[in-house]
Each structure stands twice: as C-alpha cells, then as structure tokens.
Amino acid sequence: MNLKYFTFYFLVATFLLTACNQGSKTQRRTKINSEKKAVVVPKINADSAYYFVEKQVSFGPRVPGTKAHAACSGWLVNKLKQYSDTVIVQKFKARTYDNVSRNGKNIIASFKPDEPQRILLMSHWDSRPFADYDPDEANHNTPIDGANDGASGVGVLLEMARQFSIQSPLVGIDIVFFDLEDWGPPTQMNLHENELWGLGSQYWSKQPHVYGYEASFGILLDMVGAENPTFRKEYFSQQYARYVLDLVWTTAADIGYGDHFLDEDGPAINDDHVFVNKYAKIPAIDVIDLKPRNAEISFFEHWHTVKDNIDCISKESLGMVGQVVMTVVYNE
Ligand code: AHN
Ligand code: ZN
C-alpha cells in the first residue's frame, strides 16, 4: 500500500471512529436525560395513610410507660418488619423535666441498608401526657390522642414504607420514629429549655442506630395531618439546611401544592430536627403546619388540647405531604 492510499484509509478510519464515538456520547446523554424524565413516582394511597393514623390513635394516647404505648410500639415494629429490610428498636432512658427517668424506644426501619446514598425520614410516635394547652383547665392533666401531633407524620411514613416495599427508590432510606418528643414541661411552668423536648431524637442523634451513620439529608414530619395545612419555612431548617427546604418546597410547587408549602419565613421551632442537625450533623428540615394565631405564627388550632383527635385529620393533607416527600425521594 503506498502512502497515498494509507493516508486515505487512515482518514476514513479516523472519521468513522470519531463519528461512532460522537454517536455513542449523544446516545448516552439522551439515555441519562430520558432516565431522569422517566422516573415514575408511585402514588401515595391517602386512605392507607389515614388508616395508619386511625390505628395508632385506636391504642389510646401513646404515653411512654403505658400499655397503649407498648401495644402501639409492637404494632409499629410489625408493620415496619413487613415493609422494610431491617428494623432496629433503640431502647433508652431519659430524664424528663420533673426529674423522672423514663424508658423510651426509637424505632428505626432501613431500606437498602448497604446503599451508601441515604435519606432520613422522621416523625415522633409518642403522644403528649397532658393537654396543658386546652382552653378547659379541667383537661390540663389529660393525655392527648395526638392524632395530628405525632400520629399524622408516622401514618404518612408508614404509607411511604408500604410504597417502598412495592417499588424501591434508588437511594437507601431510613425511617426513624422518635420516642419521648412530647414530654416537655407544661406551659404553665414557663420553663423554656430546649433540651427538655425531643428526648428520643437527642439520644439517637448522639448515638445513631448504626455507628458513624450518615445521610444526605433528613426530613421531619410534624403535625402534617390537619385540614388545610400551611407549611412555612421554619427558622432552624433555613439555618441548617436551606437547600433541603428549597428542594422540598420546589417539588411541592412543581406538583401543584404551592398553596400549602408557602414561600414564607416561619418561626424557630425547637423540634426533633434541631438535634439531628446539631448532634448528628445531618442537614434536616421540619415540615410543620404553622398558622397565624393571636398576632403570632403558631401551631395548628388543637395543639396540645384534647381536641387533637382523629376528627382533626384530613386524608387530603396526608396524601399531599406523602406525595411531596415521595417525589423528592424517587427523584434522588
Ligand atoms: C415546643 O413547643 C417548645 N416545641 C414543640 C415541638 C413539638 C411539640 N412538636 C410537637 N409537639
Ligand atoms: Zn406536641
């Protein structure tokens, strides 16, 4: 072969190789794009989420140390074992404001435990031992059903767990149900000490269920089940995890819930996510229903009253919050 022919074939070969390579690159790019678009987010079943709330409330107030609390923990563990890969019950003791040492149980369910990329989803499963905020003083020592304050977030996350068992998301998930969140001092004591609340989340955050546990981010659901909820951008969530707030709020707006996930600053709420940020160092936000009340932004109407019962709960709210978090999770 003389040099002329060699040069000719060489050029043709180079052209073909380059063309093929370009082709496969373009193909790869379209594939990635179509994969991203092709994500199908399963649809939350709001009836199922509602049933899970109803079921928790049916045990009675889940006050640590009571039969109802023990019975409900058994049921929660069973449900989670049915849906997830591993369930860990983290028992702990913590001192409440009255200097009594109490037994708590954080309940943790993991999906794809070996997957390094993880999302943490949280709620508290205990209910408050006294309705200290009730307008009727006679109720101030009555334990509450905590249908919204407690059971609503757990109900949504149980329904999500059921969905994960049907169609697994790409990332690993840990669902943590914190105990002893709501045994903070009665409002009448005027004791404003943050660490008297969220005893279960404080324990877990200092000593997670897995040594050196890490997650990309965390989402706490608290009081997500009342009718017409309004989620404002809670202060600590903004300070610790602004990008997580943005991700969740943008997702909510994208799927049509911008009227409930308001682009508005919220007050500072001393909730479980604060300890997760502070001690576990996982950027975590609080999705919590916050409403104007007596010239202040406060909790939903029946907060810490005997009226926080199943009648407060709206299926639509549970479905909406569930669908927003599902969309975030399945797009990771
Ligand atoms: C305080 O009221 C200081 N913290 C509220 C956290 C909470 C209570 N979430 C539900 N119940
Ligand atoms: Zn509460």
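Counting starts at 1 for both ligands and their atoms, in listed order.
The atom name of the N/O/S atom in Asp149 closest to the Zn ion (ligand 2) is OD2.
Ion pairing of Glu296 with Arg293 is absent here, as no side-chain N (NZ or NE/NH1/NH2) approaches a carboxylate O to less than 4.0 Å.
Backbone or side-chain N, O or S atoms of Asp182 reach the Zn ion (ligand 2) at under 2.8 Å. None of the N, O or S atoms belonging to Asp222 lies under 2.8 Å away from the Zn ion (ligand 2). Backbone or side-chain N, O or S atoms of His304 reach the Zn ion (ligand 2) at under 2.8 Å.
Shortest contact from atom 10 (C) of ligand 1 to any protein heavy atom: Asp149 OD1, 3.0 Å. Glu181 OE2, 3.0 Å is the protein heavy atom nearest to atom 7 (C) of ligand 1. Nearest protein heavy-atom contact of atom 8 (C) of ligand 1 is Asp182 OD1, 3.2 Å. Of all protein heavy atoms, the one closest to atom 9 (N) of ligand 1 is Asp222 OD2, 2.8 Å. Regarding atom 4 (N) of ligand 1, its nearest protein heavy-atom neighbour is Asn270 O, 3.3 Å. Nearest protein heavy-atom neighbour of atom 1 (C) of ligand 1: Trp197 CE2, 4.0 Å.
There is a side-chain donor-acceptor pair under 3.5 Å between Asp126 and His124. Side chain to side chain, Asn270 and His192 fail the donor-acceptor criterion of an N or O pair below 3.5 Å. Looking at Gln163 and Gln167, their side chains never bring a donor and an acceptor atom within 3.5 Å of each other. For the residue pair Asp246 / Thr250, no side-chain donor-acceptor distance below 3.5 Å is found, with atom types taken as modelled.
Under 4.0 Å from ligand 1, not a single heavy atom of Ile288 appears. Here Arg128 has no heavy atoms under 4.0 Å from ligand 1, in either its backbone or its side chain.
Counting non-hydrogen atoms of other residues, nucleotides and ligands closer than 6.0 Å to CG of Asp98 gives a total above 12. Around CD of Glu227, the count of heavy atoms belonging to other residues, nucleotides or ligands within 6.0 Å does not exceed 12.
Between the CD atom in Glu115 and the CG atom in Asp85 there is a gap of 12.0 Å [rounded to 0.5 Å].
Interface of Trp303 with ligand 1, defined as ligand atoms under 4.0 Å from a residue heavy atom, comprises 2 (O), 11 (N). The distance from ligand 1 to the heavy atoms of Met223 drops below 4.0 Å at these ligand atoms: 9 (N), 10 (C).
The minimum heavy-atom distance linking Ser127 with Ile144 is given by the pair OG-O, 3.3 Å.
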